[in-house]
Protein chains: 2
Amino acid sequence: MQQTENFKDDEVIDDLPLLDRVRQLVLSGSFSPGAPLSEVFLSQAFEVSRTPIRETLKQLQHEGLVDIRPKVGTFIREPTRREIVELFQIKESLEGLAAGLLARRGPVPELDVLEHNIEESDRATSAEDAVRYAELVHEFHRTIITGADNSKLVEHYDRLMNQLAYHRLVLRTAEHPGRIKASTSEHRVVLSMLRDKDSFGAEAAMRNHVHASAREVLTDARTAPVQLHT
Amino acid sequence: MQQTENFKDDEVIDDLPLLDRVRQLVLSGSFSPGAPLSEVFLSQAFEVSRTPIRETLKQLQHEGLVDIRPKVGTFIREPTRREIVELFQIKESLEGLAAGLLARRGPVPELDVLEHNIEESDRATSAEDAVRYAELVHEFHRTIITGADNSKLVEHYDRLMNQLAYHRLVLRTAEHPGRIKASTSEHRVVLSMLRDKDSFGAEAAMRNHVHASAREVLTDARTAPVQLHT
DNA sequence: CTAGCGTTCGTTGCATGCAACAGACCGAAA
DNA sequence: TTTCGGTCTGTTGCATGCAACGAACGCTAG
């Protein structure tokens with residue numbers, strides 16, 4: 001999972017580097033949604049032949065990031081607003097599950113990591129460092145996911161977030177100060193539940209938090225208001 | 001999703017037919033877990049060249065069904081017991097989510113489908129038709145998933161079930177009569193909650209049902225008892 | 001000016017060839 | 001007997017070539 005660092009730029013361990021690089025290109029926003037990604041272009045861009053590029057594109061299609069129209073071409077896929085709502089619903093469920101599982105694990109080092117994360121978040125907020133804050137939020141959620149000690153959950157979560165990644169990049173530019181305060185406060189509630197080993201409480205708190213943040217993101221994105229559910 | 005029927009055996013619409021066929025071969029149990037699936041073997045088995053086979057195997061690896069060891073070969077992957085537990089935890093969460101979402105949708109035709117399904121289940125139980133009963137159980141769950149009106153949820157669920165499919169094939173041979181009765185009863189509770197538009201109740205009932213059935217499956221499989229959680 | 005049609009261009013889909021590597025097998029030495 | 005080393009085979013990884021298809025463009029007729 002973290003082998004994106006140690007490879008010699010030429011001799012690749014698996015095809016993961018290429019897959020990651022192409023994915024990064026897609027998610028980087030360098031190309032507008034709907035832009036064509038021809039195999040020949042990518043092959044000379046990454047200096048490989050069309051074959052590995054093709055395999056990579058198939059993977060990305062399976063991840064929902066690109067749209068392969070047979071005999072026509074591959075295009076960057078923009079998730080519809082509806083799909084984003086759907087993905088957030090799943091996100092809420094999975095993160096709730098993770099929080100519940102983590103609560104059951106008792107006193108694990110992850111809790112201290114979360115504690116530290118919250119402190120850092122306060123610091124970033126005081127310093128008005130929005131970038132750092134966004135990083136910390138991401139780490140907070142990811143720590144809970146990985147802390148659930150469920151490898152398959154991590155896989156599904158990663159898939160989910162990949163599909164949301166493009167949109168997140170577009171959206172998370174500015175966040176209201178009020179929301180930041182509320183969000184950190186919700187993090188605190190989650191951690192409190194985790195420390196109490198309150199599985200149901202942790203799940204509920206986490207779901208509530210994700211729900212609120214999703215609502216914020218969705219309403220903030222475009223003017224069209226959205227009902228996440230009810 | 002249901003285009004596995006209408007294609008002319010020769011002219012394939014997408015590569016989905018090939019992917020489906022290879023997946024089916026993997027899940028059919030014709031090969032033991034750990035058995036090698038060489039590209040040349042598959043290519044002549046399906047009368048295509050190695051290239052599309054390679055792409056297909058990559059997909060299946062991404063789905064968690066096979067294990068590609070670089071420069072060595074592709075092997076049928078058997079999920080570990082732990083992974084199965086993990087997958088069931090996710091299943092519980094996703095099906096709970098689906099039930100909750102479906103409950104919010106109000107009176108949709110799916111509810112009548114579920115009603116009919118339960119009646120048929122009773123009939124199959126009376127007739128001691130285990131195969132038919134298993135089919136109906138599968139349909140019941142799938143109706144709830146698709147009824148949630150969340151396409152991304154369906155995708156994730158399908159991925160999940162594909163990973164459980166091999167194991168399900170091994171396990172679901174015989175089910176205790178007592179469990180069957182309980183299971184159908186739990187289905188009834190879920191439907192009742194759905195009719196009441198009780199979103200929380202439906203979610204809880206569904207999770208409880210999946211949890212119970214998972215526990216049954218896991219303890220029944222091998223003698224080793226398992227703690228699903230707590 | 002518009003609608004319909006044929007051609008051309010770009011792209012994918014697949015087959016095949018070649019090189020490189022992992023693992024097995026066999027033999028020899030201790 | 002055990003262990004070590006070399007060879008050899010089977011497999012993958014990738015590059016490339018060719019055929020086929022879709023879309024766009026221009027041309028012509030009305």
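The structure presented is a predicted model; accordingly, all values stated were derived computationally and were not measured. Reminder, nothing fancy here: chain letters follow the sequence lines and each chain counts from 1.
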Rounded distance (Å) that lies between atom P of dG13(C) and atom CG of Leu18(B): 13 Å
d(CG, Leu19(A); P, dG13(D)) in whole Å: 14 Å
Which residues share a ring-ring contact (aromatic ring centres under 6.0 Å, His included) with His209(A), sequence neighbours left out: His141(A), His187(A)
Length of the CD-P vector between Glu55(A) and dG13(C), whole Å: 13 Å
Side chain to side chain contact (heavy atoms under 4.5 Å, CB included) partners for Asn117(B), two or more places apart: Ser121(B), Leu136(B), Glu139(B), Phe140(B)
Distance in angstrom units between Gln44(A) CD and dA15(D) P, rounded: 13 Å
Spacing of Ile53(A) atom CD1 relative to dT11(C) atom P, expressed in whole Å: 14 Å
Set of ring-ring contact (aromatic ring centres under 6.0 Å, His included) partners for Phe75(B), sequence neighbours left out: none
Rounded distance (Å) that lies between atom C1' of dG22(D) and atom CG of Asp67(A): 15 Å
Short side-chain N/O contact to dA15(D) OP1/OP2 from Ser49(A), under 4.0 Å: yes
Partners passing side chain to side chain contact (heavy atoms under 4.5 Å, CB included) against Ser49(A) (at least two apart in sequence or in another chain): Thr51(A), Pro52(A)
Nearest-0.5 Å distance, CD of residue Gln89(B) to CG of residue Leu160(B): 11.0 Å
By salt bridge (Lys or Arg N to Asp or Glu O under 4.0 Å) - contacts of Arg105(B) (at least two apart): none
Under 3.5 Å, N/O pairs linking protein and nucleotides 7-12 of chain D:
residue	atom	partner	partner atom	Å
dT12(D)	OP1	Glu39(B)	N	3.0
dT12(D)	OP2	Glu39(B)	N	3.2
dT12(D)	O3'	Lys71(B)	N	3.3

